[in-house]
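I have placed the structure first, in the form of structure tokens, so that the comments after it can refer back to it.
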Amino acid sequence: MTTSGGSEMFYGGIAVFRDFASLMNPALYSPLPDDWTVGVADIVESTRAIAEARYKSVNMAGAAVIASVTNALDGREFPFVFGGDGASFAVSPDDLERVREALAATAIWVKEDLDLVMRVALVPIAAVRAQGLDVRVARFGPSANLSYAMFSGGGLGWAEAAMKRGEFAVPMAPPGTQPDLTGLSCRFEEMPSMHGLILSVLVVPARGADMNAFRKLIEDIIALVARSPDSGRPVPPGGPPLRWPPAGFELEARAIRGGSLFKRYAFVLANTLFAYVVMRFGISVGGFVPKTYVRQVVENSDFRKYDDGLRMILDCAPELERALSQRLATAASMGIARYGLHRQDAAMMTCFTPSALRSDHVHFIDGARGGYASAATALKATLA
């Protein structure tokens, strides 16, 4: 992705950090410019959709927000974070109207093609700061290929709560409006745990918590995970499993613009068959090298992030899961943090690949049996 305009002056100017253990260093984070806007989106009643085993649809909807905004901005880089059943991001004033149109189109597409309800909101940073909160952004590079955003300051949580109250809402576009979701796919199969279980982790500061103590907690958790194989990465070293036809081909067909659904099905089935043969037999085609692409898929997976709280999808041995649970329970009892954990047997991947010939494709990771949304439900239960 490239940068230009307002995003180049701000986001493009933030240095990329590559040591995830340093993510709580406040010096890495820069406050959003005063004229920027925060975007938030989520699926209404995602818990029910997950109970109906519609994990892929929920994840596809969340990733569609990032894909549609990226394409509306002609591939320019902007700060975003994938949340499983939604996404958060920030944009400059020059990009605001194009982004509003992309979000409105995405919301109606989610309703008509995925049979889900997505709420979206665009919240001026001035409204966040009026609450005594902030949105600060850092750029984390999981590999030399790309970077994605980390957020701090408490503002994203307030923006999401405001969206759920119906404030700053972006109305849906007219029926039949189709967003540009070029590059969005979910061709890989689920990734079974290699070490025991897939653990979805969500940790946020408790109300009134000592932020130094919270920072120490996050650093302790990251250190615990770092000692596990491949730092808990749930993506196998050889990449996720592939088969044909892929389980997500119908969703990918629905994301394509134009033509009857039958024609789009046929196109995706033919395209994925070609891709399967190329990947299965390691055939280099027109500059595309399967082995290189698979390595980048592994490196570019977003299995850990920070957006006013720590999110991770980990491949855990039972010993690590117990150690994390004990450390978090202790922190909760001391009023330092609130947390949610969700255990499942596999992880899943949703991909945004504008061009397979470039190295900056990004791969969104979630648990395959509820993931972040179920971890959030567990976290909310601690308030009951």
Side-chain angles (χ1 to χ4, degrees), residues 20-21 23-24 46-47 50-51 53 55-56 58-59 62-63 81-86 140 142 150 188-206 214 216-237 239-241 298-333 336-350 363-382:
F20 192 74
L23 73 84
M24 295 303 289
S46 59
T47 302
I50 287 167
Y55 320 108
K56 274 188 173 292
V58 170
N59 272 213
V81 64
F82 170 73
D85 64 346
F140 171 62
M150 305 277 157
F188 291 111
E189 299 302 300
E190 292 179 358
M191 299 170 286
S193 170
M194 297 175 285
H195 301 293
L197 76 155
I198 299 295
L199 185 68
S200 304
V201 181
L202 179 57
V203 188
V204 300
F214 182 73
K216 177 66 165 57
L217 169 66
I218 298 303
E219 291 172 344
D220 287 352
I221 292 171
I222 293 170
L224 274 172
V225 174
R227 294 195 290 269
S228 65
D230 203 23
S231 296
R233 187 192 304 273
V235 185
V298 176
E299 294 173 346
N300 293 4
S301 59
D302 79 331
F303 70 101
R304 51 188 183 176
K305 64 198 80 175
Y306 189 86
D307 60 341
D308 285 337
L310 182 66
R311 294 177 185 265
M312 296 190 292
I313 303 294
L314 302 173
D315 191 349
C316 269
E319 295 80 9
L320 175 59
E321 189 265 344
R322 285 194 295 271
L324 289 173
S325 296
Q326 291 169 3
R327 182 69 179 91
L328 288 167
T330 299
S333 69
I336 295 170
R338 295 162 41 219
Y339 70 97
L341 302 175
H342 183 68
R343 300 156 183 84
Q344 57 240 285
D345 61 350
M348 61 188 300
M349 175 183 288
T350 305
H363 304 273
F364 305 114
I365 308 300
D366 202 359
R369 308 284 181 266
Y372 286 129
S374 293
T377 299
L379 187 152
K380 290 171 188 173
T382 65

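Every value quoted in this text rests on a predicted model; they were computed, and no experiment measured them.
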Val225/Leu324 under side chain to side chain contact (heavy atoms under 4.5 Å, CB included): CA gap, chis, key distance, verdict: CA-CA 8 Å; Val225 174; Leu324 289 173; 4.2 Å; yes

Pair Phe20-Ile222, side chain to side chain contact (heavy atoms under 4.5 Å, CB included): steps then yes or no: CA-CA 8 Å; Phe20 192 74; Ile222 293 170; 3.8 Å; yes

Candidate pair Thr350 and Ile365, rule side chain to side chain contact (heavy atoms under 4.5 Å, CB included), full reasoning: CA-CA 7 Å; Thr350 305; Ile365 308 300; over 6 Å; no

Test side chain to side chain contact (heavy atoms under 4.5 Å, CB included) applied to Phe364 and Met348, step by step: CA-CA 8 Å; Phe364 305 114; Met348 61 188 300; over 6 Å; no

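What you find for Gly309 and Val204 is that their closest heavy atoms are CA-CG1, 4.1 Å. When every heavy atom of Asp315 is checked against every heavy atom of Ser193, the shortest pair comes out as OD1-OG, 2.7 Å. Across every non-hydrogen atom of Pro237 and Val298, the tightest pair is O-CG2, 3.7 Å. What you find for Pro241 and Met191 is that their closest heavy atoms are CD-CG, 4.0 Å. Closest approach of Phe140 and Pro142 over heavy atoms only: O-CD, 3.4 Å. Pairing each heavy atom of Gly232 with each of Ser228, the nearest pair is N-OG, 3.2 Å.
Residues that satisfy the side chain to side chain contact (heavy atoms under 4.5 Å, CB included) test with Ser200, not counting sequence neighbours, are Ile313, His342, Gln344, Ala375. Listed by chain and number, the residues in a ring-ring contact (aromatic ring centres under 6.0 Å, His included) with Tyr306 amount to none (sequence neighbours excluded). In terms of the side-chain hydrogen bond (donor to acceptor under 3.5 Å, both in side chains) criterion, residue partners of Thr47 (sequence neighbours excluded) are, by chain and number, Thr377. Every residue meeting the side-chain hydrogen bond (donor to acceptor under 3.5 Å, both in side chains) condition with Lys305, not counting sequence neighbours, appears here in chain and number order: Asp302. In this view, Asp230 and Arg233 satisfy the salt bridge (Lys or Arg N to Asp or Glu O under 4.0 Å) rule, not counting sequence neighbours. Among residues two or more places apart in sequence or in another chain, the side chain to side chain contact (heavy atoms under 4.5 Å, CB included) test is passed with Pro229 by His195. In this structure Ala376 satisfies the side chain to side chain contact (heavy atoms under 4.5 Å, CB included) test together with Leu202, sequence neighbours excluded. For Asp345, the side-chain hydrogen bond (donor to acceptor under 3.5 Å, both in side chains) partners are Arg369, not counting sequence neighbours. Considering only residues two or more places apart in sequence or on other chains, Leu328 meets the side chain to side chain contact (heavy atoms under 4.5 Å, CB included) condition with Val203, Leu217, Ile221, Tyr339, Leu341. Applying the ring-ring contact (aromatic ring centres under 6.0 Å, His included) test to Tyr372 and every residue at least two apart in sequence or in another chain returns nothing. Taking the side-chain hydrogen bond (donor to acceptor under 3.5 Å, both in side chains) definition, one finds that Asn300 meets it with Ser143, Asn145, sequence neighbours left out.
Atom CD1 of Ile50 and atom OG of Ser374 lie 4.5 Å apart (nearest 0.5 Å). Distance check: Arg227 CZ to Glu319 CD gives 13.0 Å after rounding to the nearest 0.5 Å. Residue Phe214 holds its CZ atom at 11.0 Å from CD of Glu219, rounded to the nearest 0.5 Å. Remark: Asp308 CG to Met150 CE distance equals 12.5 Å, nearest 0.5 Å. With rounding to the nearest 0.5 Å, the separation of SG in Cys316 from CG in Leu224 is 10.0 Å. Rounding to the nearest 0.5 Å gives a distance of 4.5 Å between CG of Leu379 and CZ of Arg338.
For the pair Asp85 (side chain) and Ser46 (backbone), a donor-acceptor distance under 3.5 Å is absent.
Legend: salt bridge (Lys or Arg N to Asp or Glu O under 4.0 Å) pairs involving residues 323-333, not counting sequence neighbours, sorted by first then second residue: Asp220-Arg327.
For the pair Arg311/Arg304, no side-chain contact is recorded, criterion being any heavy-atom separation below 4.5 Å from C-beta on. Counting heavy atoms from C-beta on, the side chains of Val235 and Pro240 come closer than 4.5 Å.
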